[in-house]
Number of protein chains: 2
Amino acid sequence: MYQQLIKFITDRVQLNEADLQQVLSHFKPLDAKKNELVGRTGDLSRRMFFVNKGCLRVYFIKPDGREATRRFAFENTFSTSLASFIGGTLLKEDTQAVEQSELLYISREDFYALLNTIPAWEKFYRGFLEHAYIINTTRLEDFITLNPRERYQLLLEENPEMVLRLSNKLVANYLNITQEALSRIKSGS
Amino acid sequence: MYQQLIKFITDRVQLNEADLQQVLSHFKPLDAKKNELVGRTGDLSRRMFFVNKGCLRVYFIKPDGREATRRFAFENTFSTSLASFIGGTLLKEDTQAVEQSELLYISREDFYALLNTIPAWEKFYRGFLEHAYIINTTRLEDFITLNPRERYQLLLEENPEMVLRLSNKLVANYLNITQEALSRIKSGS
DNA sequence: TTATAATATTGATCCTGATCAAAAAATCAT
DNA sequence: ATGATTTTTTGATCAGGATCAATATTATAA
């Protein structure tokens, strides 16, 4: 149950057994059915999820009422609605289990408390933030420099799992193009 | 010289006088003429800048040879080519003084060394990363949800200084639209 | 299995913002 | 101050991807 999480943490930061147990004690398991929302816009409950199995999708609703996907999180990754997690504000995004998923989560309160008691956890969070920043910057750069076809081809090269595992609808949404456009791109026309 | 920097730091994190002096001792002044590059793509020297006066612009060159602006940093803000600063890699962006500028900078090596010796500095950096993440996420969201006219209007509301202080060319580049398009937007056509 | 809904494909048309081009205005250097 | 360069404006045309619409395919549930 906690093996993947333990490996994820200890691969990134050094901490003694007591501290590790202290950290783990705040993580609770959560099973989610396919399409279930484990976080909803407006919720006060902000959680950091670790995906043991399955896939999470974070998305928000655009002013025109349509959805826009922020990211997908597959096995062995952390995911949260980070802006709200950081700011302690109401959730501004939904988090959806795209597949039946097995999750572990820690509340924002517990997470931040650990930052003050376990220096290694502060380091861990720093690494998480640095990584999140890089991912985000790269994604922004891709939107600025690439057209839809190029964005799809890059995704296929760098993240084939997303294309293989997710529906066209979701992939198109992630790329910020229409299903029709993605269909045409895939058929090579 | 260091007053603005001291205020910036002490507004965000608590640290004793000795630690503060220890931090400040690593910051060196740098004056930059208008249009001077204080960081160049390919450089090994990665610095975190604090803008006492003036304005920095971080940009990269797109595959088609054109520039794309990542951000502007006016007075009393930190700025760096963050992806390279984090990763310790060669710079992938230029940093340009858009106006004659008075800067303070700290090297990546000194910055990271402080993280290990001064816990408050780790907190300070955490805050910086959290803020950078939020800014970046918001910017990505704006690109996904808004058209050029809407992006300009939002900039005008939320950051009028940019529009007032920078040339149309730079503002257009930041918004990822052509000068012609911005000119037409401004004239309300 | 069958009915129903959701997703994917294909075609026709439209619209926004890019591109190309030229003139006007502003800025800069000597 | 004056000439040279850069920036801004304005006009005409073009193209990529959205939209609308209809059909085909796949997935889901009873």
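Protein chains get the first letters and strands the later ones, always in sequence-line order, with residue 1 at the start of each. Bear in mind the structure is a predicted one, so any value in this text is a computation, not a measurement.
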Asks: Is there any ring-ring contact (aromatic ring centres under 6.0 Å, His included) pair reaching into residues 51-73 of chain A, and which pairs are they, with sequence neighbours excluded?
Replies: F72(A)-Y174(A)

Asks: Does dA8(C) have OP1 or OP2 sitting under 4.0 Å from an N or O in the side chain of Q179(A)?
Replies: yes

Asks: Can you list the residues that meet the side-chain hydrogen bond (donor to acceptor under 3.5 Å, both in side chains) rule with S84(A), with sequence neighbours excluded?
Replies: none

Asks: With sequence neighbours excluded, what pairs up with E109(A) under the side-chain hydrogen bond (donor to acceptor under 3.5 Å, both in side chains) test?
Replies: R46(A)

Asks: Go through the structure and list residues passing salt bridge (Lys or Arg N to Asp or Glu O under 4.0 Å) with E36(A), not counting sequence neighbours.
Replies: none

Asks: When Ile, Leu, Val, Met, Phe, Trp and Tyr are grouped by side-chain heavy atoms lying under 4.5 Å apart, directly or through other members, which residues fall in the same group as V38(A)?
Replies: L30(A), F49(A), V51(A), L56(A), L103(A), Y105(A)

Asks: Can you give me the N/O atom pairs linking the protein to nucleotides 25-30 of chain C at distances under 3.5 Å, or say none if there are none?
Replies:
residue	atom	partner	partner atom	Å
dC28(C)	OP1	K34(B)	NZ	3.3

Asks: Output the rounded distance in Å from CD1 (I185(A)) to C1' (dT10(C)).
Replies: 15 Å

Asks: Quick one: how far along DNA chain D does chain B reach, first to last nucleotide 5' to 3', anything under 4.0 Å to a heavy atom?
Replies: dT7(D) to dA12(D)

Asks: Could you tell me which residues satisfy ring pair (Phe, Tyr, Trp, His ring centres under 6.0 Å) with F78(B), sequence neighbours excluded, listed by chain and number?
Replies: F8(B), F50(B), F124(B)

Asks: Using whole Å, what does the distance between atom C1' of nucleotide dT16(C) and atom OH of Y152(B) come to?
Replies: 19 Å

Asks: May I have all residue pairs that pass side chain to side chain donor-acceptor pair (under 3.5 Å) and include part of residues 19-32 of chain A, sequence neighbours excluded?
Replies: E17(A)-Q21(A)

Asks: Could you pull out the closest heavy-atom pair between V171(A) and M162(A), with the gap in Å?
Replies: CG2-O, 3.7 Å

Asks: Output one letter per nucleotide in nucleotides 17-23 of chain C: B when a protein non-hydrogen atom lies under 4.0 Å from the base, S when only the sugar-phosphate is that close, - when neither is.
Replies: SSBBB--

Asks: Below 4.0 angstrom from OP1 or OP2 of dT9(C), is there any side-chain N or O of N168(A)?
Replies: yes

Asks: For Y152(B), which residues count as a ring pair (Phe, Tyr, Trp, His ring centres under 6.0 Å) partner, sequence neighbours excluded?
Replies: none

Asks: Excluding sequence neighbours, so at least two apart, what forms side-chain hydrogen bond (donor to acceptor under 3.5 Å, both in side chains) with R71(A)?
Replies: Y133(B)

